[in-house]
Amino acid sequence: MRTAALYPGRPVLLVHGGAWDIPDDQLEAHRRGVTRAAKAGYALLREGGSSLDAVEAAITLLEDDETFDAGRGSFLTRDGRVQLDALLMDGATLRVGAVACVERLRNPIQAARLVLERSPHVYFAGRGAEEFAREHGIQLIENEELVVDRERVRLAQAQARERAGIPDLTFAGTQPPAESHDTVGAVALDAAGNLAAATSTGGTLNKAPGRVGDSSLIGCGGYADNRSAAASLTGWGEPIMKLVLGKWAVDRVPQLGPEQAAQDAIAYLYARLQGHGGMILLGPDGRFGIAHNTPRMAWAVCDRKGVRGGTTLSEL
């Protein structure tokens with residue numbers, strides 16, 4: 001049985017496209033991508049659709065957009081392949097579906113939805129996740145269909161630096177990542193007062209095959225509970241996992257509100273582990289928070305006031 005929040009009737013959808021140092025020549029593509037996804041998800045909410053439907057639709061569009069590190073266009077592993085992770089959580093029931101290290105799924109968020117709805121389990125990885133998706137009607141593809149030339153060049157450059165002995169400072173914690181974080185996420189509140197959260201990623205550039213970051217882990221890259229809030233995170237996954245930062249932020253919303261809780265979470269991420277990242281946080285009353293400590297993070301919000309978006313907090 002689904003439970004209603006205290007403030008039904010105020011649909012809201014927030015989307016992020018990754019916290020990092022987005023280059024100037026890519027800003028418009030990022031703004032356009034998150035705005036398009038926010039509009040698509042909100043259109044479902046406006047028609048009475050569920051928060052789960054809305055975040056799945058928004059993430060599907062972002063996975064199909066080569067601008068982002070999710071689905072087609074993702075960063076490549078050390079051996080030149082795409083490996084994808086995704087999470088979907090229902091705030092009404094606390095049901096969750098997640099997949100990790102999948103290589104033959106065009107839209108891992110859709111597989112996560114199937115896990116949530118059609119499995120007694122929560123999390124599938126690798127070939128087991130792909131087979132579960134295939135058994136439930138999702139067509140498997142060749143990994144090559146997810147690879148774009150831009151990422152082949154990026155991988156070659158990263159490996160050339162590695163051979164030259166130039167250290168990779170992506171995970172050093174000394175500076176915001178220049179080109180490593182593009183994870184996408186969405187949170188929604190539907191007309192029935194139910195929250196949902198979704199996060200999807202292709203991971204990090206030149207990562208070891210089999211590496212799983214925070215995005216698909218419950219309470220790390222995402223969380224949703226009608227009694228508190230829904231969150232989706234992006235950034236340097238290892239510190240986020242160690243702090244279980246998504247749950248940390250969600251638990252503080254009833255006392256602090258989503259804006260302060262989001263700011264506090266990102267401050268805590270850096271103070272405790274010198275981590276860089278960002279988050280979107282949505283409460284059951286429709287209030288929301290957006291925070292990041294990287295130079296830029298693409299975001300968009302759509303509600304009864306319309307759609308607005310940006311790449312910095314000054315645009316809120």
Side-chain angles (χ1 to χ4, degrees), residues 14-40 58-59 61-76 82 146-162 166-186 199-207 213 215 232-237 240 262-263 266-267 269-270 274-280 289-302 306-316:
L14 276 80
V15 173
H16 73 74
W20 60 304
D21 192 0
I22 306 170
D24 290 346
D25 63 356
Q26 296 182 36
L27 287 176
E28 182 54 34
H30 282 75
R31 289 192 184 103
R32 184 170 57 247
V34 294
T35 299
R36 179 170 169 258
K39 287 180 176 178
I59 296 298
L61 281 178
L62 293 169
E63 290 174 340
D64 289 339
D65 188 334
E66 295 178 13
T67 301
F68 302 98
D69 178 32
R72 179 172 166 79
S74 290
F75 291 128
L76 302 181
V82 167
L146 300 172
V147 179
V148 299
D149 289 340
R150 177 196 66 212
E151 297 309 323
R152 291 190 179 97
V153 172
R154 277 183 174 168
L155 179 63
Q157 292 171 340
Q159 293 182 341
R161 292 192 295 268
E162 191 175 57
I166 301 172
D168 180 1
L169 300 179
T170 300
F171 301 115
T174 55
Q175 59 188 17
E179 60 173 2
S180 289
H181 298 297
D182 241 339
T183 296
V184 303
T199 309
S200 181
T201 190
T204 57
L205 178 62
N206 199 28
K207 69 179 180 181
S215 297
S232 176
L233 285 78
T234 167
W236 179 14
I240 290 172
Q263 294 172 2
I266 297 304
L269 174 67
Y270 187 79
Q274 292 72 59
H276 293 94
M279 70 162 50
I280 52 176
I290 302 173
H292 61 94
N293 63 358
T294 56
R296 289 164 171 160
M297 181 179 80
W299 59 270
V301 57
C302 200
V307 63
R308 56 247 189 235
T311 56
T312 64
L313 297 181
S314 64
E315 298 170 86
L316 270 173

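Note: hydrogens, waters and symmetry copies are ignored here, and every other heavy atom, side chains too, is used.
- In this structure, W236 and L269 have side chains that are not in contact, with every pair of non-hydrogen atoms separated by 4.5 Å or more.
- Side-chain contact, T199 with S232: a donor N or O sits under 3.5 Å from an acceptor N or O.
- For the atom pair CG of L76 and CG of D69, the computed distance is 9.5 Å after rounding to the nearest 0.5 Å.
- Although no hydrogens or angles enter the test, the distance criterion places a donor-acceptor pair under 3.5 Å between the side chain of R150 and the main chain of E66.
- The side chain to side chain donor-acceptor pair (under 3.5 Å) test applied to D25 returns no partner, not counting sequence neighbours.
- With a 4.5 Å cut-off on side-chain heavy atoms, D21 and T294 do not count as touching.
- Counting only distance, with no hydrogens or angles, the side chain of N293 and the backbone of G275 share a donor-acceptor pair below 3.5 Å.
- The line from NE2 of H276 to CD1 of I266 is 10.5 Å long, rounded to the nearest 0.5 Å.
- Residues R31 and E315 have side chains in contact (heavy-atom distance under 4.5 Å, counting atoms from C-beta outward).
- Across T183 and S200, no two heavy atoms sit closer than the pair CG2-O, 3.4 Å.
- Across all non-hydrogen atoms, the minimal contact from A186 to I280 is CA-CD1, 4.0 Å.
- Minimum interatomic distance between S74 and V82 (heavy atoms only, all atoms of both residues): CB-CG1, 3.9 Å.
- A 4.5 Å side-chain heavy-atom check between D64 and R72 finds every atom pair outside the cut-off.
- Using a 4.5 Å cut-off on side-chain heavy atoms (C-beta onward), L313 and I290 make contact.
- Under the 4.5 Å side-chain criterion, counting only non-hydrogen atoms from C-beta, R154 is in contact with F75.
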Show your reasoning for whether side-chain contact (heavy atoms from CB on, under 4.5 Å) applies to H16 and V34. CA-CA 6 Å; H16 73 74; V34 294; over 6 Å; no
Verdict with supporting geometry, R32 and T67, side-chain contact (heavy atoms from CB on, under 4.5 Å): CA-CA 10 Å; R32 184 170 57 247; T67 301; 5.9 Å; no
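- Contact check for H292 versus T311: no side-chain heavy atoms found under the 4.5 Å cut-off.
- Across all their heavy atoms, T234 and I240 have their closest contact at O-CD1, 3.9 Å.
- When all heavy atoms are compared, the tightest approach of G289 to A262 is C-CB, 4.1 Å.
- Across all their heavy atoms, A40 and L61 have their closest contact at CB-CD1, 3.3 Å.
- Between W20 and H30, the angle of the ring planes lies from 30° to 60°, which puts this pair in the tilted group.
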